[in-house]
Amino acid sequence: MTYRKSPRKAEAKRQWDRFVSSNQPIITATGLPAAVFSSIDHFDAFVCDGYRDPVDAREFRVDSLNPAQYKALVTLTESYFVAGYEWFTPSALRPADQDMLRHRFEN
């Protein structure tokens, strides 16, 4: 038996790949490892928790970003919601940035 992705999952993957491709300059500016952007689930977890996974939390934390990298992450997160991805509170961002995004995207 051959494993096949469901059409829905395959389309979600294509949409994510297009998002990453169209936002590559911002992604590069964040300075974050490619693994954060390898899937929508990884990106969601990073923006929710502030790190890619507990094993490398000390290395790739939001609070270790310099100001330009952090600003790029906020811009990227805003682009993510503009692209139509479902709103959630991006807890890894500073409260003021969470509030700005909440006012814009929360229904």
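Of all non-hydrogen atoms in Ala92 and Val62, the two that sit nearest each other are O-CG1, 3.5 Å. The two residues Leu93 and Gln98 have their closest heavy-atom pair at O-NE2, 2.6 Å. Residues Ala72 and Ile26 come closest through the heavy atom pair O-CG2, 3.3 Å. Closest approach of Arg102 and Asp99 over heavy atoms only: NH1-OD1, 2.7 Å.
Here the OG1 atom belonging to Thr77 is positioned 9.0 Å from the CE atom belonging to Met100, to the nearest 0.5 angstrom. Phe88 contributes atom CZ, which lies 12.5 Å from atom CD of Glu106 (distance to the nearest 0.5 angstrom). Considering OG1 of Thr75 and OH of Tyr70, their distance stands at 10.0 Å, rounded to 0.5 Å. Within the model, atoms CG of Leu76 and NZ of Lys71 stand 14.0 Å from one another, a figure rounded to the nearest 0.5 Å.
A side-chain hydrogen bond (donor to acceptor under 3.5 Å, both in side chains) check over residues 31-41, counting only residues at least two apart or in different chains, returns the pairs Ser38-His42.
With a 4.5 Å cut-off on side-chain heavy atoms, Arg94 and Val74 do not count as touching. In this structure, Pro90 and Leu101 have side chains that are in contact, with non-hydrogen atoms separated by less than 4.5 Å. Using a 4.5 Å heavy-atom threshold, the side chains of Val82 and Arg104 count as touching.
We find that Glu11 and Arg18 are joined by a salt bridge, their nearest charged nitrogen and carboxylate oxygen being less than 4.0 Å apart. In summary, Asp17 and Arg14 do not engage in a salt bridge, as defined by a charged side-chain N under 4.0 Å from a carboxylate O.
Taking Tyr80 as the reference, Asp44 meet the side chain to side chain donor-acceptor pair (under 3.5 Å) condition, with sequence neighbours excluded.
Trp16 has its ring centre no less than 6.0 Å from the ring centre of Phe37.
Judged purely by atom type and a 3.5 angstrom limit, Thr30 uses its side chain to pair as donor or acceptor with the backbone of Leu32.
Between Phe81 and Trp87, the ring-plane angle classifies as tilted under the 30° and 60° cut-offs.
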